[in-house]
Structures are given as structure tokens and as C-alpha cells.
Amino acid sequence: MRNLASPSVIKEILSEYEFRFSKSLGQNFLIDEGALSQIVAGADIKDTDCVLEIGPGFGTLTQRLAAAAKKVVCVEIDKTVIPILSENLKDFDNFEIVNSDIMKIDIKSFTAEKFGSEKVKVAANLPYYITTPIIMSLLESRANFESITVMVQKEVAKRLCAECGTKDFGAISLAVQYFCNAEYLFEVPPSSFMPPPKVTSAVVRLDLLEKKRVCVKSEEMFFKTVKAAFAQRRKTLLNALSNAGCFGKSKDEISKILNDVGIDAKRRGETLSIFEFAALSDMLGK
């Protein structure tokens with residue numbers, strides 16, 4: 001079995017298949033043995049686990065996941081990678097490749113079909129141009145996920161794990177808090193990839209909560225409120241919510257709601273806790 005963490009092996013594959021990295025698909029393959037081991041350890045992959053991998057590329061991480069897990073299903077959008085991935089993983093009988101776009105899959109139905117009623121762990125080096133939509137799609141799918149461990153751009157990792165009142169805190173931070181406990185695991189330099197990206201990367205682990213962190217009357221209204229508050233994050237909360245034009249309420253009415261909830265209208269969205277957003281959205285939805 002070829003060691004896909006070896007640059008010389010990757011170069012052999014590139015030559016053999018006349019493969020060209022796709023910038024449009026964000027193809028930067030991780031070739032750092034230490035980082036690969038840390039991802040598997042950070043995701044806590046055991047021989048009883050079912051794993052969903054997104055964007056396996058040549059299968060560098062897949063090799064290690066398949067060696068550690070009970071079953072691995074890979075979703076890869078690039079059809080030119082499929083024969084390479086199949087060849088590189090031929091020594092394993094516990095993995096499956098699906099040539100598809102994860103953003104076009106009904107994730108809940110897909111995981112139920114592939115893994116039945118078993119809990120699923122996600123492990124992936126995500127393409128950076130579409131990181132946030134993929135993570136939100138996974139969280140909103142209501143699939144039977146236990147955890148999501150992903151490599152993302154360092155700045156995105158900070159936002160995923162940010163607490164209220166910090167400069168990195170935003171809509172995605174609140175979405176993660178609503179569904180998960182988040183942990184910033186470790187950073188990975190550009191030199192760990194082929195080709196090297198222009199940014200530092202980081203790995204985060206999101207552990208899905210059995211119950212959502214807050215109880216709201218309407219999830220749709222909750223996330224609408226969050227989105228509106230951060231759409232113009234430099235404006236006061238009153239102005240941001242009023243300018244959103246999606247609540248069917250006048251500025252005076254929104255001002256009264258903020259007062260009733262006990263939130264200063266001059267505050268900005270980044271200073272509100274998830275519990276304050278929950279109370280505010282419930283009132284805005286009346």
C-alpha cells in the first residue's frame with residue numbers, strides 16, 4: 001500500500017494519471033503524517049465507528065480512517081479522482097466511494113441509507129471556498145451525527161469556536177453553539193499540503209448536542225434574527241434589525257421589543273449571548 005503522505009508518491013500519481021489540481025474545487029491535499037494522525041485521534045475514531053468523509057482527494061486521510069474505523073463512506077465531487085482513490089484504497093474492504101456533490105445530497109437520507117441507525121462521525125479536509133455552507137448543511141440535516149471533525153482555514157476555525165463579545169463571533173458561531181460543543185484542536189501550516197495553500201489551516205471538532213443549547217419557538221425566526229443582527233455588524237442592534245426588513249415590524253416596535261427583553265438597543269449583535277438571541281427571536285416572532 002502506497003504511503004500517500006509521501007510527496008514523492010503524490011508526484012508519481014500525478015504523473016501516472018496526468019492529474020492536475022483544480023483551484024476551483026479547492027484541491028489542497030494534506031501530506032503531513034503527523035497532522036493526519038492527529039485528525040484521526042482528534043476525531044476519536046474507533047473500530048466500531050462509522051465515518052463520513054467529504055472530499056477525500058487521493059485518499060491520504062481515507063487510508064488512516066479506513067484503518068481505524070468500522071466503515072468509511074467518501075463523497076467526492078471530482079470524477080477524475082475516483083479511479084485514483086479506488087486504486088489507492090484497494091487494500092480496504094470497509095470503504096465506499098460516492099461520486100457526488102455533498103451540497104446536492106439529502107444528507108439525512110444518505111447517511112441512513114449508508115449507515116442505518118448507527119451514529120456517524122464526520123472527518124474531512126474541507127474545500128475552503130465552501131466550508132461554511134457544508135458545515136451548515138451537515139448541522140441542519142438532522143442526520144445521526146455524533147461529531148464533525150474538519151480541517152478548515154484558520155480564520156474560519158476561530159469563528160466556529162468563537163464566544164460572544166469577541167471579534168470572531170458571528171452568525172456561524174451561534175449556529176455552532178446552537179447545535180454543538182466546539183473545540184479548536186490544532187493548526188496546520190501551508191507546507192503540510194500539496195499544493196500548499198496561501199493560508200494557515202486548523203482542525204476543529206464539533207460534538208453534536210443531544211438537545212439544542214436553547215429552546216426557541218421557531219428555529220427559522222431564531223436564525224433570521226441572528227442573520228439580521230450580523231448582516232450589518234457595525235450598526236447597533238436596533239438599526240441592524242430595522243434595516244433587515246424581514247420582521248414586519250417598525251423601528252419603534254423593534255425598539256420596544258428590545259426594551260421588553262432587557263437588551264440595550266445600542267448594543268451590537270456580537271455582544272449578545274445565544275440565550276439573549278433566543279429570547280429576542282421569540283419576541284420578534286410574535
Side-chain angles (χ1 to χ4, degrees), residues 126 128 130-140 147-148 150 152-187 199-286:
L126 295 180
Y128 294 171
I130 198 172
T131 294
T132 299
I134 290 177
I135 291 175
M136 287 306 302
S137 182
L138 293 172
L139 294 178
E140 293 175 345
S147 64
I148 300 170
V150 288
V152 297
Q153 188 173 332
K154 177 181 176 180
E155 286 70 22
V156 175
K158 287 183 175 181
R159 290 199 290 271
L160 293 173
C161 301
E163 298 291 338
C164 71
T166 64
K167 66 182 181 64
D168 294 312
F169 190 65
I172 186 65
S173 316
L174 278 156
V176 167
Q177 283 187 17
Y178 183 76
F179 291 105
C180 317
N181 286 323
E183 184 179 0
Y184 191 102
L185 297 181
F186 61 94
E187 296 177 8
V199 297
T200 297
S201 304
V203 176
V204 298
R205 174 170 159 172
L206 312 177
D207 290 314
L208 278 293
L209 299 168
E210 289 190 13
K211 291 184 178 180
K212 307 301 184 295
R213 194 171 303 278
V214 291
C215 180
V216 293
K217 294 178 181 177
S218 167
E219 280 191 5
E220 181 182 0
M221 179 57 68
F222 173 77
F223 285 110
K224 183 187 290 187
T225 304
V226 169
K227 184 178 179 180
F230 287 98
Q232 297 177 301
R233 63 180 298 146
R234 294 184 64 82
K235 292 187 177 296
T236 65
L237 194 59
L238 174 59
N239 287 333
L241 296 177
S242 301
N243 293 344
C246 59
F247 299 106
K249 291 178 169 56
S250 68
K251 189 171 184 177
D252 286 342
E253 288 174 318
I254 292 176
S255 178
K256 183 178 185 307
I257 288 173
L258 287 167
N259 183 67
D260 290 344
V261 178
I263 298 174
D264 188 334
K266 294 181 180 179
R267 288 173 64 184
R268 293 177 178 173
E270 65 197 47
T271 70
L272 269 65
S273 71
I274 191 171
F275 303 100
E276 289 176 304
F277 268 111
L280 177 58
S281 70
D282 283 350
M283 289 293 289
L284 286 170
K286 286 186 177 181

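All of these numbers come straight from a predicted model, not from anything done at the bench.
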Donor-acceptor pairs under 3.5 Å, side chain of residues 200-210 to any protein atom, not counting sequence neighbours: which ones?
| unit_1 | atom_1 | unit_2 | atom_2 | d |
| --- | --- | --- | --- | --- |
| Ser201 | OG | Tyr128 | OH | 2.4 |
| Arg205 | NE | Asp207 | OD1 | 2.8 |
| Arg205 | NE | Asp207 | OD2 | 3.4 |
| Arg205 | NH1 | Gly42 | O | 2.8 |
| Arg205 | NH2 | Asp207 | OD1 | 3.2 |

Which atom pairs, one a donor and one an acceptor, fall under 3.5 Å between side chains of residues 271-284 and the rest of the protein, sequence neighbours left out?
| unit_1 | atom_1 | unit_2 | atom_2 | d |
| --- | --- | --- | --- | --- |
| Thr271 | OG1 | Arg267 | NE | 3.1 |
| Thr271 | OG1 | Arg268 | O | 2.8 |
| Ser273 | OG | Phe275 | N | 3.4 |
| Ser273 | OG | Glu276 | N | 3.2 |
| Glu276 | OE1 | Arg267 | NH2 | 3.1 |
| Glu276 | OE1 | Ser273 | N | 2.9 |
| Glu276 | OE2 | Arg267 | NH1 | 2.9 |
| Ser281 | OG | Phe277 | O | 3.3 |
| Ser281 | OG | Ala278 | O | 3.0 |
| Asp282 | OD1 | Lys217 | N | 2.9 |

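Considering only heavy atoms from C-beta on, Arg159 stays 4.5 Å or farther from Val176 through its side chain. For the pair Tyr178/Val226, no side-chain contact is recorded, criterion being any heavy-atom separation below 4.5 Å from C-beta on. Using a 4.5 Å cut-off on side-chain heavy atoms (C-beta onward), Val199 and Lys154 make no contact. Residues Asp168 and Ser173 fail the side-chain proximity criterion, which asks for heavy atoms closer than 4.5 Å. Side-chain contact between Glu163 and Gln177: present, with at least one pair of heavy atoms (C-beta onward) separated by less than 4.5 Å.
With rounding to the nearest 0.5 Å, the separation of CG in Leu174 from CZ in Arg213 is 10.5 Å. Interatomic distance, Thr236 OG1 to Asp264 CG, rounded to the nearest 0.5 Å: 9.0 Å. Atom CD1 of Ile254 and atom CG of Asn243 lie 9.0 Å apart (nearest 0.5 Å). One distance of note links OG of Ser218 with CZ of Phe223; it measures 10.5 Å at 0.5 Å rounding. Interatomic distance, CG of Leu126 versus CD1 of Ile134, reported as 5.0 Å (0.5 Å rounding). Taken to the nearest 0.5 Å, the CG atom of Leu237 stands 11.0 Å off from the CD atom of Glu270.
For Glu220, there are no side-chain hydrogen bond (donor to acceptor under 3.5 Å, both in side chains) partners at least two apart in sequence or on another chain.
Considering Asp260, Asp252, Asn259 in turn, Asp260 is the only one that fulfils the side chain to side chain donor-acceptor pair (under 3.5 Å) rule with Lys256.
The aromatic rings of Phe230 and Phe169 sit perpendicular to each other, their planes meeting at more than 60°, with 30° as the lower class boundary.
For Lys224, the NZ atom counts as densely surrounded, since its 6.0 Å shell holds more than 12 non-hydrogen atoms of other residues, nucleotides or ligands. Applying the 6.0 Å contact sphere to NZ of Lys249 captures more than 12 heavy atoms from other residues, nucleotides or ligands.
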